[in-house]
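Since we're looking at a predicted model, the values are computed, not measured. Only heavy atoms go into these numbers, but all of them, side chains included; no hydrogens, no water, no symmetry mates.
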Amino acid sequence: MSTSLTWYRRLVMLAVLVPVLLLGGAALWAVGWVWALAWAVLVAAGGAAGWWAARAIRATWGYAEGETDLYLTYGLVTRQLVVIPYGRMQVVDVTSDLLEQTLGMATVQVRTAATTADSRIPGLRLDDAVQLRDRLAARSETFSTGL
């Protein structure tokens with residue numbers, strides 16, 4: 001995974017925390033400055049934890065292309081291992097929102113008929129994501145099981 005995934009998560013976190021800090025602090029300022037200060041400390045502590053967790057979460061994502069299956073692993077507190085048979089793949093998408101595009105990265109999403117697990121690979125460079133999509137699409141046609 002690209003180190004850009006860490007910055008992506010940090011920027012999204014800041015986009016949420018700054019308005020929360022300002023709006024909550026302004027509302028609590030009316031009650032008393034001590035409450036507003038306590039709110040600011042609480043939000044700053046949450047931001048520091050999120051800043052650290054962004055790198056740790058990036059390090060948990062991984063994937064491997066086996067002979068007959070795609071293996072995905074992720075999770076900081078609870079580790080997940082998802083095995084997706086190539087023959088069960090229906091759609092392989094490459095998506096990239098505006099922030100991902102700015103950071104030069106994309107997400108590969110694999111969809112099957114009945115998956116409940118998170119079957120995406122975030123934080124890939126755009127070129128790598130397109131190549132992975134093409135390989136997975138080709139393998140899914142080779143191993144097609146028919147539903």
Side-chain angles (χ1 to χ4, degrees), residues 1-28 35-36 38-147:
M1 302 301 132
S2 169
T3 58
S4 297
L5 182 58
T6 301
W7 285 105
Y8 176 84
R9 291 188 182 278
R10 288 174 176 170
L11 289 172
V12 169
M13 179 193 62
L14 287 175
V16 171
L17 284 183
V18 169
V20 166
L21 173 66
L22 295 177
L23 294 174
L28 289 173
W35 291 105
W39 178 255
V41 169
L42 183 66
V43 171
W51 194 268
W52 171 81
R55 181 186 304 174
I57 290 170
R58 178 189 59 84
T60 67
W61 281 92
Y63 72 96
E65 298 173 63
E67 278 194 39
T68 60
D69 304 309
L70 174 67
Y71 301 94
L72 305 174
T73 183
Y74 59 89
L76 184 61
V77 176
T78 303
R79 297 289 296 165
Q80 297 281 334
L81 173 63
V82 180
V83 180
I84 304 171
Y86 294 128
R88 294 290 183 181
M89 290 181 187
Q90 292 182 330
V91 177
V92 183
D93 288 331
V94 174
T95 60
S96 186
D97 62 31
L98 288 175
L99 183 55
E100 286 176 315
Q101 290 174 28
T102 302
L103 295 171
M105 58 184 234
T107 298
V108 173
Q109 175 79 39
V110 178
R111 298 193 183 146
T112 61
T115 185
T116 57
D118 191 2
S119 57
R120 64 188 172 97
I121 306 168
L124 298 174
R125 288 181 341 158
L126 183 57
D127 295 340
D128 295 339
V130 169
Q131 290 173 4
L132 178 60
R133 179 203 57 203
D134 294 344
R135 283 194 312 271
L136 293 178
R139 287 183 178 167
S140 70
E141 290 175 9
T142 302
F143 288 92
S144 182
T145 59
L147 296 176

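Atom OG1 of T68 and atom CZ of R88 lie 12.5 Å apart (nearest 0.5 Å). In this structure, CG in L103 is found 12.5 Å from CG in L126, a value given to the nearest 0.5 Å. The line from CE of M89 to CD1 of I84 is 5.5 Å long, rounded to the nearest 0.5 Å. Within the model, atoms CZ of R139 and CD of E67 stand 9.0 Å from one another, a figure rounded to the nearest 0.5 Å. From Y8, atom OH reaches atom CE of M13 across 13.5 Å, with rounding to the nearest 0.5 Å. Interatomic distance, Y63 OH to I121 CD1, rounded to the nearest 0.5 Å: 6.0 Å.
Nearest heavy-atom pair across A36 and G25 is CB-O, 3.6 Å. Across L136 and Y86, no two heavy atoms sit closer than the pair CD2-CE2, 3.7 Å. Contact between A54 and T6 at its shortest, heavy atoms only, is CB-O, 3.8 Å. Looking at every heavy atom in both residues, L17 comes nearest to G46 through CD1-C, 4.4 Å.
Checking side-chain atoms of D93 against main-chain N and O of T95 turns up no donor-acceptor pair under 3.5 Å. Between the Q90 side chain and the R111 main chain, no donor and acceptor come within less than 3.5 Å of each other. Although no hydrogens or angles enter the test, the distance criterion places no donor-acceptor pair under 3.5 Å between the side chain of E141 and the main chain of A138. Side-chain N or O atoms of R10 include one that pairs as donor or acceptor with a backbone N or O of W51 at under 3.5 Å.
Taking 4.5 Å as the limit, every side-chain heavy atom of T112 sits out of range of all side-chain heavy atoms of S119.
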What verdict does the side chain to side chain donor-acceptor pair (under 3.5 Å) test give for R120 and T107, after you've listed the backbone C-alpha separation in whole Å, the side-chain angles of each residue and the deciding distance to 0.1 Å? CA-CA 7 Å; R120 64 188 172 97; T107 298; 5.2 Å; no
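T73 and R79 form a side-chain donor-acceptor contact under 3.5 Å, judged by distance and modelled atom types alone.
The number of heavy atoms from other shown groups lying within 6.0 Å of CZ (R135) is above 12.
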